[in-house]
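Remember, it's 1-based here, ligands and their atoms both numbered in the order they're listed.
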Amino acid sequence: MPYDIVLLPGDGIGPEVTQATVRVVEATGVQIRWLEHPAGLAAVEKGKPTLPPEMLDAVKRHRVALKGPITTPVGKGFTSVNVGLRKALDLYVSLRPVNTLSGVKTRHEGVDLVVFRENTEGLYAGREHEVIPGVVEALKIITEGASRRIAKYAFEYARWRGRRRITVVHKASVMKLSDGLFLQACRQVAADYPFLQVEEMPIDDCAMQLVLDPTQFDVLLMENLYGDILSDLCSGLVGGLGVVPGANIGDTAAVFEAVHGSAPDIAGQNKANPTALLLSACMMLRHIGENVAARRIEVAVDRVLGAGEVRTGDLGGKSSTTQYTEALIAALPAAGEVSA
Ligand code: NAI
């Protein structure tokens with residue numbers, strides 16, 4: 001029986017990186033029936049709303065989706081499709097593993113951390129309005145319930161993945177009530193995990209510490225806006241937006257997607273790096289229990305980037321998306337060569 005997985009190619013470089021990813025996943029032999037749906041601008045072009053109800057129904061029914069980036073035009077009254085999708089499916093966990101990749105030269109070696117970001121509230125609740133012309137107000141929503149559930153997810157993840165240390169990132173010295181509540185909820189959850197080391201760190205200090213020595217961190221846990229910013233900072237530590245995977249997870253569905261956006265500057269030019277989406281697909285394969293296939297793809301990425309001959313422009317190479325994809329497929333180890 002093939003797996004039914006919803007595929008949202010997105011727009012910009014989305015169709016290019018999803019096509020490359022599907023090719024590599026299919027080369028592992030895992031049987032997947034891809035149920036393709038447009039979303040965002042691609043849906044509007046087909047006369048549908050940005051989040052077509054049949055697409056949401058498909059993700060709810062099949063529970064797993066692989067998603068390419070979706071453009072959000074600035075200042076056109078177009079609400080973010082990405083935020084809308086997370087809200088509609090209550091994908092409250094944003095999980096982004098950040099790892100040093102072989103052959104990708106960066107300032108720091110041995111980065112191995114995970115960023116957990118609360119995905120449904122904070123300033124991204126989207127509650128802002130004009131008070132009087134020239135004055136706008138944006139509301140930062142923090143609830144005890146949402147803070148506790150993201151903290152619980154992060155602590156459970158740390159427990160099962162053998163991670164030892166959780167850093168809760170905040171700015172409670174200034175946002176005493178909102179960040180104070182987030183911190184308090186994390187402390188309450190932490191009390192159930194006395195075997196994990198927990199520390200609290202102001203966001204500004206954390207940003208500096210990440211740049212100085214990211215290897216000191218293991219799991220980072222924070223509210224929405226801080227997570228958005230710091231996770232991009234973290235991707236810069238290991239080679240940029242083209243190489244960092246991500247997942248948005250709720251209790252009933254999970255959507256796997258790269259950290260980067262639709263990169264309109266290179267869209268349609270066969271230049272995009274599909275690694276981030278491909279590694280997101282590896283997270284997806286593990287989510288459905290196809291651990292060996294995930295590992296085979298990770299080893300192929302390691303081999304191709306490690307050899308340094310075939311790589312896309314963002315990593316200093318000259319290869320096209322297609323050439324890189326073909327090199328990955330050729331470098332896939334046999335199933336017996338890897339252990340999950
Ligand atoms: P972006 O991530 O699309 O691009 C930033 C820079 O990184 C650009 O120079 C781009 O060429 C480069 N880049 C990004 N991904 C790359 C890849 N895979 N390979 C090679 N180079 C890559 O960020 P930007 O320009 O701020 O956003 C563009 C659009 O994407 C906006 O409409 C934004 O709202 C949307 N976006 C969507 C996201 C999603 O669907 N999850 C996430 C972030 C942004």
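Protein heavy atom closest to atom 18 (N) of ligand 1, with residue, atom name and distance, is Asn273 O, 2.9 Å. For atom 14 (C) of ligand 1, the nearest non-hydrogen atom of the protein is His260 CB, 3.7 Å. If you check which protein heavy atom lies closest to atom 2 (O) of ligand 1, you get Gly261 N, 2.7 Å.
When hydrophobic clusters are built by joining Ile, Leu, Val, Met, Phe, Trp and Tyr residues whose side-chain heavy atoms come closer than 4.5 Å, directly or via intermediates, Val104 is grouped together with Val259.
The presence of a protein heavy atom under 4.0 Å from atom 36 (N) of ligand 1 is confirmed.
Only the side chain of Asn82 comes within contact range of ligand 1, with a heavy atom under 4.0 Å; no backbone atom does. The residue Val81 has no part lying near ligand 1, judged by heavy-atom distances below 4.0 Å. Using a 4.0 Å cut-off between heavy atoms, Pro264 contacts ligand 1 through its side chain alone, with no backbone atom that close.
Close approach to Lys67 involves these atoms of ligand 1, each under 4.0 Å from a residue heavy atom: 39 (C), 40 (O), 41 (N).
Within the set Ala263, Pro69, Gly242, Ala267, the minimum heavy-atom distance to atom 3 (O) of ligand 1 is found for Ala263.
Residue Lys271 has no N or O atom closer than 3.5 Å to an N or O atom of ligand 1. No N or O atom of Gly68 sits closer than 3.5 Å to an N or O atom of ligand 1. On a distance-only criterion, Thr71 and ligand 1 share no N/O pair closer than 3.5 Å.
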